[in-house]
There are 2 protein chains.
Amino acid sequence: MSSANPLSRVSLSQQIRDQLLDRIIRGELPPGNRLVEMKIAAEFSTSQAPVREALRELETMGVIETLPNKGARVRTITNEELRQLYEVRAQLESYATQLATAAGAPLKSRLKEAIKAMKRAARESDSTAFASHNSAFHRIIVEASGNKILLDMWETLNVQTRTMTNVARSRRNLMELADSHQTLIDAIASGDPDMANRVAKDHVLSNRPKSADTSIKQSAS
Amino acid sequence: MSSANPLSRVSLSQQIRDQLLDRIIRGELPPGNRLVEMKIAAEFSTSQAPVREALRELETMGVIETLPNKGARVRTITNEELRQLYEVRAQLESYATQLATAAGAPLKSRLKEAIKAMKRAARESDSTAFASHNSAFHRIIVEASGNKILLDMWETLNVQTRTMTNVARSRRNLMELADSHQTLIDAIASGDPDMANRVAKDHVLSNRPKSADTSIKQSAS
DNA sequence: CAATCAACGATTATCGATAATAATTGACAC
DNA sequence: GTGTCAATTATTATCGATAATCGTTGATTG
């Protein structure tokens, strides 16, 4: 590792944060799981301090929760919170999709590639890979909006969504879900911002987990 | 401080984080300002570790930025980023305002109180107090949406907005700005979600700082 | 005077130790 | 068997020290 390369200057705390985050997203550390500082430190052969720093970041991201003197757990998101999360996500993604109608031609082919990857994962009944490609599909759209703040916020919601939706799905279910993304591509390609906005909102809200679907909403969506 | 009271169990790092955040918001630590760990530790009569933890949280919040081995600065938000921020904020607040049309009667009087506080600050040419009451006004609406995720995200944007808008304004300017909030109350009281949505979006976008107003937008707002 | 380099001081990142708090375990009484 | 209490262990939160990195300053050279 050359010290002239900025990429090599990744602090231990960042590495620990990223690895814990990855495990949480992949379901290896499910909600409720205890995160014990000294054990994590031993695993990473480091002292406690960088671990504490990593946990502070993860907590600020909303991925874990801690109580004073009682340590950290992977955060469990209630059904109500998940419902709220999907509603906000629908607002952000519909706006992003609306803006993405103005993006250039490469967007469409990139989205098609992402659907292919989703279908590949579906054929292999690989829910984790599917979730990853599904996220990538949506991320491409949000990136195409050109709004970095939007992307940052979307990423935050995405992480929180994925910790709670590590559920194995049938191959058929995954294939249908992959197919449902084609309507988003068509909407963006139509160049009609308002229509794209509505299609994206419908897509997000209709694809939320059942557990986030149980509350009765009072206002029109 | 009784140890039986959970409120007393506030870690040093949290206290440091909160105080630094408050100073940043009030403009006492303006964008670009250096945050030196050992100096902050000396000021708070503590060791370096809680300071580092506090800074990790502030960075994850997007309020400060650090480079490896080079320390922390209050983050400077570019004009382009501020523009993007206001656009996202417009989306979130318009949705919140739409949802708030279903809230009960106490909302309206609370909002009126917030306008009064704004006007009081305007008469005293107290820009900092004005900004605080302005934020409170909008926070009341977002809280009334009943969506906690929305509130968390809005708070994030609010903090970032306030670090970049610590500009003294004339008394007349502040009074006009305070007055402009009445249309939001009227819109919410109308009970019409769509109209409230539009009015809120217009309000946010028309009240952004000039520096966030210079880019030409391609898509229709 | 400008450029270069070495020395020094400032600061960051992590270490290992310590104090405080919480959880667990075992002994004892009823 | 249940409840209580004390001792022990586990864990968190912070301390002070140390190593590594960076920025500044002063000396030297052309």
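Owing to the predicted nature of the structure, the values given are computational and were not obtained by experimental measurement. Naming: A, B, ... by sequence-line order, numbering from 1 per chain.
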A.B. asks: Looking only at side-chain N and O atoms, does A/S47 come under 4.0 Å of OP1 or OP2 in C/dC15?
C.D. replies: yes

A.B. asks: Between A/R75 (side chain) and A/G62 (backbone), is there a donor-acceptor pair under 3.5 Å?
C.D. replies: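 Indeed, once roles are kept as given, a pair shorter than 3.5 Å links the two residues.
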
A.B. asks: C/dT12 C1' sits how many Å from B/L55 CG, rounded?
C.D. replies: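 Going from B/L55 (CG) to C/dT12 (C1'), I get 11 Å.
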
A.B. asks: With a 4.0 Å cut-off on heavy atoms, is B/T46 in touch with a base, just the backbone sugar-phosphate, or nothing at all?
C.D. replies: sugar-phosphate

A.B. asks: With the side chain of B/V36 defined as its heavy atoms from C-beta on, choose the nearest nucleotide among D/dT11, C/dC15, C/dT11.
C.D. replies: C/dT11

A.B. asks: Spell out, as yes or no, whether a donor-acceptor pair under 3.5 Å connects the side chain of A/N207 to the backbone of A/H203.
C.D. replies: yes

A.B. asks: Measuring to OP1 and OP2 of D/dA10, would you say a side-chain N or O of A/R34 lies under 4.0 angstrom away?
C.D. replies: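 No, A/R34 has no side-chain N/O under 4.0 Å of OP1/OP2 on D/dA10.
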
A.B. asks: Specify the separation, in whole Å, of atom CD of B/E53 and atom C1' of D/dC15.
C.D. replies: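 Computing the B/E53:CD to D/dC15:C1' distance gives 12 Å.
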
A.B. asks: Listed in order of residue number, which residues of residues 37-44 of chain B have a non-hydrogen atom at under 4.0 Å from DNA chain C?
C.D. replies: B/E37, B/M38, B/K39

A.B. asks: Can you tell me how far P of C/dA22 sits from CZ of A/R73, to the nearest Å?
C.D. replies: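 In whole Å, C/dA22 P and A/R73 CZ are 15 Å from each other.
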
A.B. asks: Would you please name every residue forming a salt bridge (Lys or Arg N to Asp or Glu O under 4.0 Å) with B/K70, sequence neighbours left out?
C.D. replies: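 For B/K70, no residue satisfies salt bridge (Lys or Arg N to Asp or Glu O under 4.0 Å) once neighbours in sequence are set aside.
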
A.B. asks: Using a 3.5 Å distance criterion without hydrogens, assess whether the side chain of B/R73 forms a donor-acceptor pair with backbone atoms of B/E65.
C.D. replies: no

A.B. asks: If you pin A/A49 and A/A72 to their nearest nucleotides in DNA chain D, which one's is more 5'?
C.D. replies: A/A72

A.B. asks: Would you list the atom pairs, donor with acceptor, under 3.5 Å between side chains in residues 44-51 of chain B and any protein atom, with sequence neighbours excluded?
C.D. replies:
from: B/Q48; atom 1: NE2; to: B/E37; atom 2: OE1; distance (Å): 2.7

A.B. asks: Grab the NZ-P distance between B/K70 and C/dA10 for me, whole Å please.
C.D. replies: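 After rounding, the gap between these two atoms is 18 Å.
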
A.B. asks: Answer yes if the side chains of B/E80 and B/Q84 hold a donor-acceptor pair under 3.5 Å, and no otherwise.
C.D. replies: yes

A.B. asks: Return the value, rounded to whole Å, for the distance between atom CD of A/Q48 and atom P of C/dA13.
C.D. replies: 18 Å

A.B. asks: What is the distance from CG of B/N69 to P of D/dA19, rounded to the nearest Å?
C.D. replies: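 Answer to the nearest Å: 16 Å.
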
A.B. asks: Answer with base, sugar-phosphate or nothing: what part of the nucleic acid does A/R56 contact at a heavy-atom distance below 4.0 Å?
C.D. replies: nothing

A.B. asks: A/R52 CZ to D/dA13 C1': how many Å, rounded?
C.D. replies: 5 Å

A.B. asks: Between P on D/dA20 and CG on B/L67, what's the gap in Å once rounded to a whole number?
C.D. replies: 22 Å

A.B. asks: Taking atom CD1 of B/I149 and atom CG of A/L82, what is their separation to the nearest 0.5 Å?
C.D. replies: 8.5 Å

